[in-house]
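See below for the structure under consideration.
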Amino acid sequence: MKFTTFVSAEGRNRLGLVDGDRVIDLNAAQPQVPADLRAALEAGVDLAAAATAALASDAPRLLLASLTLAPLVPEPGKTICLGLNYYDHAKEGGREKPEYPWFFFRGKSSLIGHGAAGQLPRVSEKFDYEAELALVIGAKVPRHASQADALNYVFGYTCFNDMSVRDYQKRTPQWTIGKNFDATGGFGPVLVTADELAPGATGLRIQSRLNGRVMQDASTTDMIWSVAETIALLSDCLTLEPGDVIVMGTPAGVGQARTPPVWMKDGDVIEIEIERIGLLSNPIRREEA
């Protein structure tokens with residue numbers, strides 16, 4: 001099954017069930033389902049059963065292409081990102097495999113939906129793209145979870161663009177500031193439930209395209225730390241909760257590693273596509289004065 005989050009005519013975020021090129025407002029069709037994905041997961045709603053019932057009903061279908069999409073989880077409790085999680089990307093940055101994942105957080109004001117503009121900051125020209133697989137936690141993960149059990153807590157997978165302001169990222173030993181400019185985290189457009197994909201979403205082609213030019217082209221099998229291992233490692237430290245998001249790192253081909261570097265500019269369009277999941281597209285617009 002596929003889900004999305006769209007903005008209603010009243011300006012509210014709504015949880016949608018994707019049916020081909022159409023979307024069912026899941027709360028309208030199944031009122032027991034909260035209108036927010038995180039709230040639905042926190043409430044323990046059986047989304048598969050609700051979705052099956054909605055698909056069999058005569059609930060109105062909205063044209064997906066006509067909708068304004070929000071970040072898939074508009075306000076995650078936590079958005080945890082991995083740096084240097086592909087061997088080739090670590091190498092192009094002059095590093096070997098890290099001994100432990102390079103974790104950092106993103107705040108909710110950095111997140112944008114499919115079709116929304118990624119904001120080129122006024123204070124920088126070094127604006128980079130990063131194609132990434134993201135996952136949404138569906139149930140509370142117990143502390144010290146095993147790798148064998150870890151995938152049981154994944155609700156589904158989506159696309160993410162970890163747009164990075166490289167000069168700010170390098171101003172401090174930790175990357176947080178360069179990863180949290182407003183409107184720099186593309187997130188969506190749809191979430192594919194975990195049962196639709198191979199365990200841990202392995203074996204999927206992942207690409208970024210800048211103005212149609214392929215910049216990154218890899219497989220999710222090339223990740224250093226798998227989804228299961230990442231969840232297990234995080235559970236040693238903190239409680240993962242329904243609606244939390246984990247963003248799994250990017251492969252080689254980022255703009256800063258090229259000669260000369262390639263930075264996103266006002267008017268560009270950046271696309272992230274992951275096989276069997278979908279295509280996330282965001283235009284780039286310069287921050288207004």
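- In terms of modelled atom types and a separation under 3.5 Å, the side chain of N211 and the main chain of V269 share a donor-acceptor contact.
- A donor-acceptor pair shorter than 3.5 Å can be found between the side chains of Q207 and D217.
- A salt bridge links E273 with R209: at least one charged nitrogen is closer than 4.0 Å to a carboxylate oxygen.
- Donor-acceptor pairing under 3.5 Å is lacking for the side chains of T5 and N13.
- Remark: the S208 side chain and the Q216 side chain contain an N/O donor-acceptor pair separated by less than 3.5 Å.
- With respect to the salt-bridge test (charged N to carboxylate O, under 4.0 angstrom), the residues K140 and E42 do not qualify.
- Counted by atom type alone, E10 and S8 present one or more donor-acceptor pairs between their side chains at under 3.5 Å.
- Ring to ring, F155 and F3 are close: their centroids are under 6.0 angstrom apart.
- A donor-acceptor pair under 3.5 Å links the side-chain atoms of T221 to the main chain of G203, judged by distance alone.
- Once rounded to the nearest 0.5 Å, the distance linking CD1 of I206 with OH of Y86 reads 4.5 Å.
- Between D19 and R22 there is no salt bridge, since no side-chain N of the basic residue sits under 4.0 Å from a carboxylate O of the acidic one.
- Heavy atoms from other residues, nucleotides or ligands lying under 6.0 Å from CZ of R61 number more than 12.
- Using a 3.5 Å distance cut-off with no hydrogens or angles, the side chains of S124 and D167 do pair a donor with an acceptor.
- Summarising the local packing, CD of E196 is surrounded by more than 12 heavy atoms from other residues, nucleotides or ligands at distances under 6.0 Å.
- A donor and an acceptor atom, one from each side chain of Q256 and K170, are located under 3.5 Å apart.
- Salt-bridge annotation for K78 and E241: present, with a side-chain N of the basic residue lying under 4.0 Å from a carboxylate O of the acidic one.
- Salt bridge R213/E271: absent, no basic N to carboxylate O contact under 4.0 Å.
- With respect to D162 and R106, a salt bridge is recorded, a charged nitrogen being found less than 4.0 Å from a carboxylate O.
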